[in-house]
Amino acid sequence: MQNKKVKAYVKKKRIPEKKIIQELCSKYNTIDVTKATKFNHLPLSKFTLKGLAENKYVDMTDIQRQSIGLALQGNDILGAAKTGSGKTLAFLIPVLELLYCKQWSRLDGLGALIITPTRELAYQIYETLRKVGQYHDISAGLIIGGKDLKFERKRMDQCNIVICTPGRLLHHMDENPLFDCINMQILVLDEADRCLDMGFERTMNSIIENLPPKRQTLLFSATQTKSVKDLARLSLKDPLYVSVHEHSTHTTPESLQQSYIVCSLEDKTAMLWSFIRNHLKQKIIVFFSSCKQVKYMHESFCRLRPGISLLALYGTLHQLKRMSIYESFCKKQHAVLFATDIASRGLDFPAVNWVLQMDCPEDVNAYIHRAGRTARFKSCGESLLVLLPSEEIMIEKLKQRKIPINMIKINPSKLQSPHRKLEALLARDVTLKETAQRAFVAYVKSVFLMKDKELFNVHSLDTDAYAKSLGLAIPPRIRFLQRMQKKMLAENSIETGQEETNKISTDSEDNSEQEDRDSSDTSIPNTTTNSEKKLIKKEDLVPLQFDDSDDDDILTIKRKNVDIDGEIPVIEKDETKNKKKPITKVALAKKILRKNIVPNKKTTFDDEGQEVVDSTKTKMSALARQYEDEVESGINIELAKQILREEDQFDKQRFREKIKEKHREEKRKLKAKKIEENDEEEEGASLLKKEDADNDVSEDESSEGEGPDLSWLPDPDKIYGKQRNTDEEESSSSEFEETESEEENLIHRPSKRKLVTQEEHKRKKQKTSNVAHLQADEELALQLLQN
Ligand code: ADP
Ligand code: MG
């Protein structure tokens, strides 16, 4: 028995962690990529292996097999593999292992930085890390825009792995004293080519400047950058290019079936509507080129009730909404997600059947990423590209990049156009109409700002027909195009005498364009020609923001070498000088601030110039007064709720007092009336005996029983008809109704009051009809006597 105990003790004796780590690291150089097919064939820590096994990750994918080993050996890696091939684990495992082997603890601070272009992707990677790394004693943080900055700030120094978007990371680097990356060991860029392209260029340059030069760097993407410039920016050390599908027949997954249709701009909406109506039991992602289009298509189609749930994901949505839509689409079995390119990279929505690209993607890479949202990791999927006749050359470009795509034709008889219904919707709803107008302009602008002018030609668009298809009876004005056309007309009218000078100016423009194209530094101002700089306003550039609100350059063109052909006219200096400076809202606000005027405040004065204080509007509770004094801007929702609750008590009290006062008043009136009535009753009897009886019905209040006995007379109704009587009744009943409706308006009025009023009216009615009878009888008696 005792022996057994000793044995058990010996078994439990733990090998020191350091020794285990040493053993693991010593095996790194012996990894045989050809033989290792499962994760447990690699020298990985038991924590990682347990996390992988628990999530049913057993066999490695090609990219994982080829890159994990090399990364464990400490190499810088450029990893390229098709969409959905498991690149996330290919970088997460080396990150976990590196920190484990260095025995990284919470006190060591930031050890690994993972940068991704979108918030949703960062969140997805964070979730995978949480699953796979759950047995490691390492902390991870998600640093993305739209979240509580203060909350992140406090916890930043406790994170060993930070997953972030570039804009938010730079924000912390610049402003957060707790952010310290001096010890950082490994940097990962997922969707590296996107992170390094022009949209994030300045942000990424600033981030890289702040990172320690001695580090390992891993770059992953389905469309990996090979640009020497990018690699130089990151100062990679002899990077290894791991491209597992470089020699495969196709660039896109084999299980992805790809087709395209050529469709006029006018028919696009009908085509989309018909497609959705015919695929109600599917999960579909539909890509558009701007947020505004997504917003409009989503809102309008929702109202048309297609019979499948519709969702929309775009950059201008609130972060919480973005997150909930992302999660909701993940969970749904059948749904349509309208999205901009924020959903095009890296997102792993499960079981998507179809990807529709309603607007031509800006280039082949964008096509690959969008289409790659389906047919992920051994599953099948279909993709449909919708092209305008002028965009058909895109197919050539796709085929050159080894993308198999077939044409299919639409059966025009099967197209169901919703444009009449849309028109009716827009006629009823002005807000929706404005959304439609914005969508229309956003699309035209997006085409205008595309860099590939061979593919995108704004002049070839039948904008009127497009507006109609969106339900817009009158096509909205496209101001920037109008300006352009005006200028072109002006140029045409210039006499040939000026040819020489024109030629010179065109040449110089061409040169500057060329410079822009060749320029290695593609900072924003360099990408546009001089003329563009003068003409393109910031708001004109918004559509090309493509929703990456994470980035700091919100109002800039985010594609390299945007080439707007020299078509853009130079605005004459004199013209601009003559124009009146428009008064912007900002300028107005500044003016008000300078004058120290408190906005949204109304003060009323009486005839003597004294301020009239409205007691109903003054805050009674101490909490509200304190809040009013303290808060300068913004609303603290919780506090506001509490204040409302407290103020409600005071309001109720005030209301009760008001009602009481009203009752008192009514009672007083009633009393006064009763006294009056008594006096008049006494007079009434004598008055009736007079021949010239007073005709004032309302004031005569004698009752039937008190009148003279005229029962011997014939029925006056039979002689005069009921005219007079009914008239009276009608008027009195309408009077009653009025009072009733008044009654209804009085909230919380006790029912007693209602009874009183009804009785009063009954009495009045009775009196009125009595008097009428008496008058008629008297007249009749007089007539008979005369006869
Ligand atoms: P990529 O980044 O290459 O587009 P992801 O890393 O998003 O691909 O992975 C795509 C899908 O494949 C994910 O759902 C992931 O869980 C799954 N996956 C990745 N690697 C494996 C594996 N070794 N075994 C099983 N499933 C895997
Ligand atoms: Mg990925």
Side-chain angles (χ1 to χ4, degrees), residues 76 88 91-92 94-130 133 136-192 194-196 199-220 233-236 319-320 322-323 346 548-554:
D76 282 357
T88 315
F91 61 75
L92 282 185
V95 165
L96 283 171
E97 290 302 292
L98 179 79
L99 297 188
Y100 169 71
C101 290
K102 300 229 169 203
Q103 289 194 291
W104 211 261
S105 76
R106 277 161 204 261
L107 297 175
D108 291 313
L110 183 69
L113 196 57
I114 301 171
I115 304 177
T116 79
T118 65
R119 299 170 187 179
E120 284 74 15
L121 183 54
Y123 176 70
Q124 187 181 290
I125 296 170
Y126 176 75
E127 286 297 303
T128 314
L129 178 67
R130 263 177 27 145
H136 280 279
D137 189 21
I138 293 171
S139 64
L142 182 65
I143 305 291
I144 53 176
K147 287 179 68 187
D148 187 355
L149 195 70
K150 270 189 200 163
F151 179 85
E152 286 177 355
R153 208 172 267 164
K154 278 183 205 155
R155 281 155 187 81
M156 198 77 178
D157 60 330
Q158 296 161 18
C159 291
N160 303 134
I161 304 173
V162 163
I163 303 165
C164 56
T165 48
R168 189 59 150 210
L169 174 65
L170 189 61
H171 204 130
H172 279 285
M173 279 180 160
D174 285 347
E175 289 180 13
N176 187 356
L178 292 177
F179 185 79
D180 174 16
C181 53
I182 201 84
N183 283 335
M184 198 203 74
Q185 303 290 313
I186 184 164
L187 168 72
V188 180
L189 303 190
D190 191 22
E191 305 296 338
R194 178 76 185 101
C195 290
L196 293 167
F200 294 110
E201 187 173 29
R202 278 189 292 171
T203 317
M204 282 305 294
N205 284 347
S206 313
I207 291 171
I208 294 163
E209 265 175 33
N210 287 322
L211 299 178
K214 199 171 164 284
R215 59 160 194 265
Q216 188 180 359
T217 308
L218 311 178
L219 310 186
F220 280 87
R233 273 164 78 197
L234 285 164
S235 38
L236 299 183
Q319 183 53 29
L320 292 177
R322 266 170 78 165
M323 244 40 244
D548 292 315
S549 37
D550 305 315
D551 192 23
D552 49 354
D553 315 321
I554 293 169

Legend entry - Separation of Leu178 CG from Met156 CE (nearest 0.5 Å): 9.5 Å

Inset, instruction - State whether the number of non-hydrogen atoms from other residues, nucleotides or ligands found under 6.0 Å of Asn183 atom CG is greater than 12. - result: yes

Inset, instruction - For the residue pair Ile115 and Met204, establish whether any side-chain heavy-atom pair is separated by less than 4.5 Å. - result: yes

Legend entry - 4.5 Å side-chain heavy-atom contact, Leu96 and Ile161: yes

Legend entry - Minimum side-chain heavy-atom gap Val188-Leu92 below 4.5 Å: no

Inset, instruction - Might you work through the side chain to side chain contact (heavy atoms under 4.5 Å, CB included) test for Leu170 and Arg202, ending with a clear yes or no? - result: CA-CA 10 Å; Leu170 189 61; Arg202 278 189 292 171; over 6 Å; no

Legend entry - Heavy-atom side-chain proximity of Ser105 to Asp137 below 4.5 angstrom: no

Inset, instruction - Can you see which heavy atom on Pro94 is nearest to which on Leu218, and at what distance? - result: CB-CD1, 4.4 Å

Inset, instruction - Evaluate the ring planes of Phe91 and Phe220, with Trp represented by its six-membered ring, and classify them as parallel (under 30°), tilted (30 to 60°) or perpendicular (over 60°). - result: tilted

Legend entry - Steps toward side chain to side chain contact (heavy atoms under 4.5 Å, CB included) verdict (Leu169, Ile143): CA-CA 7 Å; Leu169 174 65; Ile143 305 291; 5.6 Å; no

Legend entry - Atom of Cys195, atom of Phe200 and distance for their closest heavy-atom approach: O-CB, 3.2 Å

Legend entry - CD1-CZ distance between Ile163 and Arg130, expressed to the nearest 0.5 angstrom: 10.5 Å

Inset, instruction - Measure the CD1-NZ distance between Ile186 and Lys102 for me, rounded to the nearest 0.5 Å. - result: 10.0 Å

Legend entry - Side chain to side chain, Leu129 and Val95, heavy atoms closer than 4.5 Å: no

Legend entry - Approximate separation, where rounding is to 0.5 Å, of Arg153 CZ and His172 NE2: 7.0 Å

Inset, instruction - Quick one: closest heavy-atom pair of Ala192 and Leu219, and the distance? - result: CB-CB, 3.7 Å

Inset, instruction - State, to 0.1 Å, how close Gln319 and Ile144 come at their nearest heavy-atom pair, and which atoms those are. - result: NE2-CD1, 3.9 Å

Legend entry - Glu191 vs Thr118 side-chain heavy atoms within contact, under 4.5 Å: no

Inset, instruction - Report yes if some heavy atom in the side chain of Ser235 is under 4.5 Å from a heavy atom in the side chain of Arg215; otherwise report no. - result: yes

Legend entry - Considering all heavy atoms, the nearest Cys159-Ala140 contact: SG-C, 4.1 Å

Legend entry - Distance-minimising heavy-atom pair for Ala112 and Leu99: CB-CD1, 4.3 Å

Inset, instruction - Quick one: pull up CD1 in Ile125 and CD in Glu120 and give me the separation to the nearest 0.5 Å. - result: 12.0 Å

Legend entry - Under 3.5 Å: donor-acceptor pair, side chain of Asp157, backbone of Phe179: no

Legend entry - Leu196 backbone acceptor or donor facing Arg233 side chain under 3.5 Å: yes

Inset, instruction - Run through Arg168, Arg322, Gln124 and flag the one making a side chain to side chain contact (heavy atoms under 4.5 Å, CB included) with Arg119. - result: Arg322

Legend entry - Any donor-acceptor pair under 3.5 Å from Thr165 side chain to Gly167 backbone: no

Legend entry - Interatomic spacing from CG in Asp174 to CG in Asn210 - rounded to 0.5 Å: 7.0 Å

Legend entry - Thr217 backbone acceptor or donor facing Asp76 side chain under 3.5 Å: yes

Legend entry - Check: Leu110 main-chain N/O paired with Trp104 side-chain donor or acceptor under 3.5 Å: no

Legend entry - Side-chain heavy atoms of Val162 within contact of Met184, under 4.5 Å: no

